[in-house]
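Values reported hereafter were calculated over all heavy atoms of this structure, with side chains retained and with hydrogens, waters and symmetry mates removed. Owing to the predicted nature of the structure, the values given are computational and were not obtained by experimental measurement.
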Amino acid sequence: MIVLKTAEELKKMRAAGRISQRALLKAGEAVEPGVSTLEIDSIVRKYIEEQGAAPSFLGYGGFPASACISVNNVVIHGIPSEKQILKQGDIVSIDVGAYFMGYHGDNAWTFACGDISEEAQRLLDTTKESLFEGIKAAKAGNRIGDIGYAVQSYVELRSYSVVRDFTGHGVGAKLHEDPSVANYGSQGKGAKLMPGMAIAIEPMVNAGSYRVRILRDKWTTVTADGKLSAHFEHTVAITANGPVILTDAD
Ligand code: MG
């Protein structure tokens, strides 16, 4: 069931989104060689709690940390660890959610650790651009498939692939609501986008095959072929005046 939000509720979601975005930016500033992913997680948790909000992911389905931190071939759901020390050239996907005034904000970004290869940079650029292609398609009257089509066609034209096994989702009082928002699809297919919907659009883009597998910890999701993967996400409201990014710090 898709839950539509009132203007008042979207205002609260924007407040939650702003905290999520600032926490993510702080995490990104901390990405540098020699830092552990657990240190970055602590920065995220501290910032969110200082705002009187709660980290959405902490304890969600048993997830043991506040941020998912996924390095290089890890697609999503990487578990922060003091043993994982970032190195020059790593790409670091950080996914952060904050729960505030009864609503969640959810966003992710892939950061470069020091200097990265040209190929890695191209993957980051393409994934980020595909997110904004998806957001452009998130207009009232369009359908969910239009978003997936926009992301997929942008990515595949550049010879990368979109992950099939995980999708974006509705966001609101619950972190994951209907509808699911796949990063692939057909124009004109799926649920109709209506003003008041809030969705997380989150392309996960692999340098090689779209296939992924989940490690024995039941969270860490890696590319099946070991190649790099990137992840960019915003929470977006569908309005009569077009898409509005709720996870926007400004
Ligand atoms: Mg999400």
Side-chain angles (χ1 to χ4, degrees), residues 20-21 23-24 27-28 31 36-38 40-41 44-45 55-81 84 86 90-98 104-113 116 120 123-124 126-131 134-135 147-148 151-152 155 160-171 174-177 179-184 199-236 247:
S20 313
Q21 167 76 343
L24 179 60
V31 169
S36 78
T37 53
L38 189 64
I40 295 174
D41 184 70
V44 166
R45 181 172 182 169
S56 302
F57 302 167
L58 187 61
Y60 186 89
F63 190 75
S66 298
C68 298
I69 306 183
S70 307
V71 180
N72 294 335
N73 63 313
V74 181
V75 180
I76 49 168
H77 300 167
I79 299 173
S81 162
Q84 185 166 34
L86 297 178
D90 284 342
I91 61 169
V92 185
S93 299
I94 303 179
D95 196 343
V96 167
H104 293 277
D106 189 5
N107 61 177
W109 207 258
T110 303
F111 299 96
C113 184
I116 61 173
L123 175 67
L124 265 53
T126 300
T127 310
K128 179 167 64 174
E129 287 153 14
S130 77
L131 166 62
I135 292 172
I147 298 173
V151 171
Q152 181 182 20
V155 165
Y160 295 134
S161 64
V162 293
V163 170
R164 308 285 206 270
D165 291 1
F166 295 90
T167 67
H169 48 92
V171 189
K174 291 195 190 135
L175 180 60
H176 293 112
E177 297 185 351
S180 74
V181 183
N183 295 303
Y184 58 92
I199 54 174
I201 302 175
E202 50 176 319
M204 293 150 247
V205 174
N206 292 353
S209 153
Y210 66 80
R211 290 197 171 78
V212 299
R213 64 190 178 87
I214 299 174
L215 301 187
R216 241 179 303 179
D217 63 22
K218 297 201 164 65
W219 285 106
T220 311
T221 302
V222 300
T223 55
D225 58 14
K227 292 189 178 171
L228 295 177
S229 186
H231 181 207
F232 287 77
E233 172 183 34
H234 270 307
T235 300
V236 175
T247 38

Euclidean distance, Ile214 CD1 relative to Trp219 CH2, rounded to 0.5 Å: 9.5 Å

If you look at every heavy atom in Val44 and Ala23, which pair is closest and at what distance? CG2-O, 4.1 Å

I'd like to check Glu129 versus Phe232 (side-chain heavy atoms, cut-off strictly below 4.5 Å). Are they in contact? no

Any chance you could measure Phe111, atom CZ, to Leu124, atom CG, to the nearest 0.5 Å? 10.0 Å

Would you compute the distance between atom CG of Asp95 and atom CH2 of Trp109 and round it to the nearest 0.5 angstrom? 13.0 Å

Does the side-chain hydrogen bond (donor to acceptor under 3.5 Å, both in side chains) test come out yes or no for His234 and Gln21, once each step is laid out? CA-CA 9 Å; His234 270 307; Gln21 167 76 343; 4.8 Å; no

Please name the pair of heavy atoms, one in Ser93 and one in Thr110, separated by the smallest distance, quoted to 0.1 Å. OG-OG1, 2.8 Å

Any heavy-atom pair between the side chains of Tyr184 and Val155 that's under 4.5 Å? no

Any chance you could measure His104, atom NE2, to Phe57, atom CZ, to the nearest 0.5 Å? 9.5 Å

pair Phe166-Val75: side-chain heavy atoms closer than 4.5 Å: no

What pair of heavy atoms forms the shortest contact from Asn206 to Ser229, and how long is it? OD1-OG, 2.7 Å

Side-chain donor/acceptor of Gln84 to backbone N/O of Ser81, under 3.5 Å: no

Does Thr235 use its side chain to pair, donor to acceptor, with the backbone of Asp106 at less than 3.5 Å? yes

The single option from Val31, Asn72, Leu228 passing side chain to side chain contact (heavy atoms under 4.5 Å, CB included) against Asp90: Asn72

Contact between Asp165 and Thr221 at the side-chain level, heavy atoms closer than 4.5 Å - yes or no? no

Taking side chain as C-beta onward, heavy atoms only, is Glu233 less than 4.5 Å from Met204? no

Determine whether Ile40 and Leu86 make a side-chain contact, defined as any pair of heavy atoms from C-beta on separated by less than 4.5 Å. yes

Could you tell me whether the side chain of Ile201 reaches within less than 4.5 Å of the side chain of Leu131, counting heavy atoms only? yes

Closest non-hydrogen atom pair between Ser209 and Ser161, with its separation: C-OG, 3.2 Å

Do the non-hydrogen side-chain atoms of Ile69 and Leu38 ever get within less than 4.5 Å of each other? no

Apply side-chain contact (heavy atoms from CB on, under 4.5 Å) to residues Leu123 and Val205 and explain how you reach the verdict. CA-CA 8 Å; Leu123 175 67; Val205 174; 3.8 Å; yes

Shortest non-hydrogen contact between Ser20 and Gly97, atoms and distance: OG-C, 4.1 Å

Any donor-acceptor pair under 3.5 Å from Thr223 side chain to Val212 backbone: no

With a cut-off of 6.0 Å (strictly less than), are more than 12 heavy atoms of other residues, nucleotides or ligands near CZ of Arg164? yes

For a quick test of reading the model, state the closest non-hydrogen atom pair linking Ala230 to Thr127 and the distance between them. CB-OG1, 3.5 Å

Which distance, rounded to the nearest 0.5 Å, do you find between the CD1 of Ile94 and the OG of Ser66? 12.5 Å

